[in-house]
Amino acid sequence: MDYPGPLARLIDELSKMPTVGPKTAQRLAFHILRLSQAEAQVLAEAILDVKQRMRTCSTCFTITDVDPCAICTNPARASGVLCVVEDPRDVIALERTREFRGRYHVLHGAISPLDGVGPDDLKIAELLDRVRAGGVGEVIVATNPRVEGEATAIYLARVLKPLGVRVTRIAHGLPVGGDLEYADEVTLARALEGRRDL
């Protein structure tokens, strides 16, 4: 038996989300179906609100609802130290450690020739512009410890060092093949403390 049209459409849309397979999409759809009209309205409004209000920071390119973001406008943050990450979720993971007091730069990916992602597809030109503008003494490369993240780190070191900035890499206290967003706070804090020159 096929699901009625609206329910089938909801299942189809939910199954397009990352890590949501057909069975999970069905469970979520039936959960939504059981919600009251008011609860469903709140959920729908939250989805629309995030789509309408969230944007990327024009300075660091993390996600924010104000531009520039709260980290970029915080005078207590060290503007001379930039931590470069692949994804906005990595900023949140590092912030949970409460160890890093500098600013961020989000690349929105990593160099991956097999996937057709090169340096021009990332926010590397904007990073170079920030460093050239002056005031940055150190760039901490905190890309994920996998092949693409390492390739990106090596590329960044090659283009940043001629600009006279210290380039460091977070220590490999993180598992190879893992992502920053899934690491615990202690592991991330140790990785920041044990960073090294590239």
Side-chain angles (χ1 to χ4, degrees), residues 1-77 83-110 112 115-117 121-123 126 142-146 148-149 170 173-175 177-192:
M1 180 177 135
D2 291 333
Y3 292 112
L7 185 58
R9 179 178 173 220
L10 179 59
I11 292 168
D12 183 53
E13 292 302 319
L14 290 170
S15 68
K16 293 176 184 175
M17 296 178 156
T19 72
V20 177
K23 293 282 187 193
T24 301
Q26 288 173 18
R27 282 193 293 276
L28 290 170
F30 275 96
H31 173 76
I32 292 168
L33 189 61
R34 285 190 297 271
L35 294 176
S36 70
Q37 185 69 28
E39 291 169 325
Q41 186 69 35
V42 168
L43 176 61
E45 287 171 2
I47 292 170
L48 291 173
D49 190 43
V50 79
K51 289 303 296 174
Q52 292 167 356
R53 295 184 54 210
M54 298 303 290
R55 62 183 63 90
T56 57
C57 174
S58 60
T59 304
C60 72
F61 302 99
T62 195
I63 53 169
T64 182
D65 60 340
V66 293
D67 187 25
C69 72
I71 294 172
C72 287
T73 57
N74 184 344
R77 304 294 293 229
C83 183
V84 179
V85 296
E86 293 178 24
D87 189 90
R89 292 172 293 188
D90 300 334
V91 171
I92 295 163
L94 286 165
E95 282 298 289
R96 283 195 312 253
T97 70
R98 292 182 166 70
E99 293 290 321
F100 182 65
R101 300 305 307 152
R103 307 232 171 132
Y104 293 94
H105 188 88
V106 181
L107 297 174
H108 287 273
S112 178
D115 296 322
V117 180
D121 299 310
L122 306 175
K123 299 294 184 187
E126 293 84 350
T143 53
N144 290 310
R146 58 177 185 263
E148 298 85 359
I170 60 171
L174 300 168
D179 289 329
L180 289 175
E181 69 178 295
Y182 299 116
D184 65 286
E185 291 85 354
V186 174
T187 301
L188 280 171
R190 296 249 164 80
L192 275 171

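Every heavy atom of this structure was used, including side-chain atoms; hydrogens, water molecules and symmetry mates were not.
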Quick check for you: to the nearest 0.5 Å, what is the distance between I11 atom CD1 and F30 atom CZ? 5.5 Å
Given 3.5 Å as the limit, does a donor-acceptor pair link the side chain of D87 with the main chain of R89, or not? yes
Write down the atom of L180, the atom of I170, and the distance for their closest heavy-atom approach. CD2-CD1, 4.2 Å
Is there a donor-acceptor pair closer than 3.5 Å between any side-chain N or O of N74 and the backbone N or O of A76? yes
Do L94 and C83 make a side-chain contact, defined as non-hydrogen atoms from C-beta onward lying under 4.5 Å apart? yes
Rounded to the nearest 0.5 Å, what separates atom CD1 in I47 from atom CG in L43? 4.5 Å
Quick one: does T143's side chain have a donor or acceptor within less than 3.5 Å of a partner on G149's backbone? yes
Within the structure provided, determine whether K123 and T56 are in side-chain contact (heavy-atom separation under 4.5 Å). no
Please tell me if the side chains of T62 and Y104 come closer than 4.5 Å, counting only heavy atoms from C-beta onward. no
Using every non-hydrogen atom in the two residues, find where T97 and E185 come nearest and quote the distance to one decimal. CG2-O, 3.5 Å
Are the side chain of H105 and the backbone of E126 linked by a donor-acceptor contact shorter than 3.5 Å? no
Heavy-atom neighbours of R9 CZ exceed 12 at 6.0 Å: no
Within this structure, what is the CD1-NE2 distance for the pair I63 and H108, rounded to the nearest 0.5 Å? 8.5 Å
Counting only heavy atoms not in M54, do more than 12 fall under 6.0 Å of its CE? yes
Does the side chain to side chain contact (heavy atoms under 4.5 Å, CB included) test come out yes or no for D90 and N144, once each step is laid out? CA-CA 9 Å; D90 300 334; N144 290 310; 4.1 Å; yes
CG of L48 to CD of Q41: how many Å apart, nearest 0.5 Å? 8.5 Å
Can you tell me if R101 uses its side chain to pair, donor with acceptor, with the backbone of R77 under 3.5 Å? no
Test item: R55 side-chain N/O and D65 main-chain N/O as donor-acceptor pair under 3.5 Å: yes
Mind checking the OG1-CG spacing from T59 to D67? Nearest 0.5 Å is all I need. 6.5 Å
Please give me the minimum heavy-atom distance between T73 and P68, naming the atom from each residue. CG2-CG, 3.6 Å
Closest heavy-atom pair, E99 versus L192, reported as atoms and distance to 0.1 Å, is CB-CD1, 4.2 Å
Shortest non-hydrogen contact from V66 to T64? O-OG1, 2.6 Å
Closest non-hydrogen atom pair between L14 and A25, with its separation: CD1-O, 3.7 Å
Point-to-point distance, once rounded to the nearest 0.5 Å, from CZ of R146 to CG of D179: 5.0 Å
Has E45 got more than 12 heavy atoms of other residues, nucleotides or ligands less than 6.0 Å from its CD? yes
Hey, mind stepping through V84 and L107 against side chain to side chain contact (heavy atoms under 4.5 Å, CB included) and telling me if it holds? CA-CA 7 Å; V84 179; L107 297 174; 3.6 Å; yes
Any donor-acceptor pair under 3.5 Å from S36 side chain to E39 backbone: yes
